[in-house]
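Down below is the structure, laid out as structure tokens.
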Amino acid sequence: FTLEYHIPYFALRESKVLLRDTRMKLGGKPLRESWKLPSLSNQLNPTASIVDVPCLYEAQMSVVVTGRCHWVWVAYGFFDTYFEGEDMVAWYDRMDVGGGRTDPLAAGLIAADRPIWTPREYFFKVLEIRINQVLREWYGIFHWIEKEVKQTHHVFPQWPNDSKTKQKVREFSMWNAQMVKLLRQLISGLSDIVAAWDQFRRKEIGYFLYDGEPPTASSSLKSSLAAVDKTFSDLQAPLRKFEYLRQELCENVSYDLVSKPVALYHQLISRNSEIRLLKFMAPWTGVTLTCSLVTTPLPKAPEYVALSYHWGKQTNQVTIRLNNFDVKVTTNLYEALLRLRAEGVQYVWADALCINQQDFDERSFQVARMGAIFQKACQVAAWLGAEPRVSEEMRLLQCSTSYVALDQYPNITSPAMFDELLSRPYWGRVWVIQEVALASDVVVYFGRFKISWDEFVSRCGLRVESTTLSPDPSDDSARGIVTLLQFRRDNLADRPISFPEALYKSRSSLSTDPRDKLFAILGLSFNGKNFIPEPNYMTSAGEIFTEFTTALIKSRGILDYIYLKSTSRKDSNKMPSWVPDWADLDDAVARRQFDYIIQTRSRDPEYNQFELKNTISISETELRATGMVVDTVEGLGRIFVGGRGVEAPTIAKSQSKARLDLVLEGAGTVYETITGVGLLSERAYDDKDQYYADLDGSWSDDQTGEHERLPRHELDTTPELLALIDAWLAINSSFNIGGRDLRYWWKMLNLRGSRIGDVPRIENHFYNSIQCGMRLLATEKGHLGWIHPQAREGDRIVRIFGCGQHVVLRATQNRYRLVGDAILSGVEISNQKYKGFKIENLRIF
């Protein structure tokens, strides 16, 4: 026979830090989850003392009694103790109950030396004790939440009347949404426990009352059964109290950025795939806009238009009537809705109004459906705002008619007009990519004009055609639509895109919420859910980025993503240094790194040569990797930004002299460095490079050190390019190699290159190296190369197994912070190169 029960529950504990379950599921997630509880009462009450952080831990207790008969049996107990040590067997062994040992399965309340012999009686006695423990845990959670709600409501202002108070209202709205989500989770878990006992009592409890149990056990068994039944009945009380608190919080009227009351919304049922649609109501003309919200399952939704637009400034607002409420919306949204109403559209989906932006739980599951929402729409309306007044033909049309379909006027191809439309902030939004790329039919609206998507792209063709396949077009005004065209063409061609590739292509797109840089492209890739199963606005951007980076490393088999770091990235306790800021990867440094990882590293057949599972581990915010320190930063150049040389923030200003006579193999290494061999992913080493690599250091007998400004060669080179190179050499004048300054080496390269007509090639390579935003590097061992602009003298250059580039680490006690990457000229990353170096376990936080 086997008797068993399994009771999941939650435990609330207050501590300095959140504890994690170190047991892992196959997917790499903890076996049990844990959370810091949303608390506002202390920070809103200036007199409150600082206390430990309240944390909620998922837990379970299981007991199994099994044997051959009533006299030969054994009992097993399984209890989660990762968040505390109170339930360990050793703790019970130290207890003394009447001079004997205690039974750990029964929480020390039964004397082990005076056992209960009958298995059914023992089983229910242990259940009686343990279910009371569960009841206490649930009441502890309820009392904390009740106290938190009362304290927060007591100190919190009800209505915003200044900017500081409005910020507090936003914080309160977020707290309110987080607490509602927590209560839903608690109610669901507790309801399942109560329902399971109710089913057992109705169907299976008879087995324990009859079926040949020894008569001596009957009275005590029935007593335990009654006690257990009462405790499960008592669990109804916290369940009702949780539901009451949830309703109280849901009835709170607070305001978000567009001053939209929570009372507008009724809860959507996620499992039914419900969405809301705006329905236009009378009057059908004029400036008054009246709408209602209609809830419908997405598969059964009526024909609707999905609105793709830029929210616009929150300071420019207009009042509309929605479900008999006065609701403020941005002017841009208001004008877009007026335009669609004029088109005769009946139903519209617009995220600002159709999603309760204050309910982070709803926002999470609705955002996960946005791809499906835009796919199912009968039309996606891309609203660009007011019409541009730059075309004479447009002025004539404005005078002659109210609303115009430009498809009927093929002669309107004004370059100035379309350039102005392409420069609008709409194209920079990351959400626009999904909204347009997945749509079956797109119509572009601006003011009183509309034009089909294909016709719009065709008339913009002279400005985007040459750059549609380039990830970084030189025309900034066209970058947004170029990115969007790439995704739309891939979707129409059914070409699968991986999540890292989608992130790479969309890196220049913007989002107000940094988390949306990831959430907005989930629907564009075939494997996005492998990295981020569901959007979660209850979790901070730092936590989202950390979880995503961890999943990315484990799934891709390479560590290179850890050095993705823009120039402006600042150290913060909100995010580990080895986690990229995925919302800020569009400067020159990060673009070069990302290019290398996607274009070279991910396609390298040897990229997974190291078994990462044996060389890395990730715990909380710490990455442990295997590698070796190969060199130390000694000399640093300056970067060229905005027409002047600057030091990166917090970087030492001294510049040591690189010593050519240590390991540099003549002037060829200087040439490789300044022309970007190894720095630029597209910079292939060829026969002409060999011409320079074969040189030694004796290019010239000129020992005066006096060098003229760069000459203008007969070969075609732009003055702007030469001016930037000259300026860069000027700000790095103190950086000497082998006793010579950089201008000397540059002059020698030009003289040598002019003999074979190679000067423009050298100049362009050098220009591209400067534009990467990296700093010139000289190491303690005499190597030359390039390094991340945030590097400092004394930083370690490290070879980490699993990385295709050298990594720069900064020692902090017995751990490291990751600074960026480094390229050492003429130094290959290989095991053979570093044979004999000491392999270390590196702790990076």
Next item on the list: Check E58 against F10 and note the closest heavy-atom contact, atom names and distance.
Entry: CA-CD2, 4.0 Å
Next item on the list: Specify the closest pair of heavy atoms between T483 and S506, including all atoms of both residues, with the distance to one decimal.
Entry: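 Here T483 and S506 meet closest at CG2-CA, 4.2 Å.
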Inspect the contact between [Y] and [X] and indicate whether a charged nitrogen and a carboxylate oxygen are less than 4.0 angstrom apart.
X: R507; Y: D595; result: yes
X: D581; Y: K570; result: no
X: K529; Y: E534; result: yes
X: R32; Y: D80; result: yes
X: R515; Y: D513; result: yes

Checklist line | Residues in side chain to side chain donor-acceptor pair (under 3.5 Å) contact with W582, at least two apart in sequence or another chain | finding: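 For W582, the residues satisfying side chain to side chain donor-acceptor pair (under 3.5 Å) (neighbours in sequence not counted) are T549.
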Next item on the list: Using side chain to side chain donor-acceptor pair (under 3.5 Å) as the criterion, list what pairs up with E622, not counting sequence neighbours.
Entry: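 E622 satisfies side chain to side chain donor-acceptor pair (under 3.5 Å) with R624, R815, R843 only.
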Within the 3.5 Å criterion, strictly below it, is a donor on [X] or [Y] matched to an acceptor on the partner's side chain?
X: S769; Y: Q771; result: no
X: N527; Y: S498; result: no
X: S568; Y: D584; result: yes
X: D821; Y: Q593; result: yes

Ring centroid separation [X] to [Y] under 6.0 Å:
X: F548; Y: F499; answer: yes
X: W578; Y: Y563; answer: no
X: F519; Y: Y537; answer: yes

Notebook entry, point to check: Is there a side-chain contact between H788 and R775 (heavy atoms, below 4.5 Å)?
Noted result: no
Note to self: Going by side-chain contact (heavy atoms from CB on, under 4.5 Å), L524 matches just one of Q434, K505, E501. Which one?
What the structure shows: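 Going through the options one by one, the only one that passes is Q434.
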Notebook entry, point to check: Quick one: side-chain contact (heavy atoms from CB on, under 4.5 Å) partners of L510, sequence neighbours excluded?
Noted result: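 Partners of L510 by the side-chain contact (heavy atoms from CB on, under 4.5 Å) criterion come out as none, since no residue qualifies.
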Next item on the list: May I ask you to check whether over 12 heavy atoms, not counting those of F526, lie within 6.0 Å of atom CZ?
Entry: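 Atom CZ in F526 is packed in, count exceeds 12.
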Note to self: Can you tell me how the ring of W786 sits relative to the ring of W728, calling it parallel under 30°, perpendicular over 60° and tilted otherwise?
What the structure shows: tilted
Note to self: Ring-plane angle category for F83 and Y57, please: parallel below 30°, perpendicular beyond 60°, tilted otherwise.
What the structure shows: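 Plane angle under 30°, so parallel.
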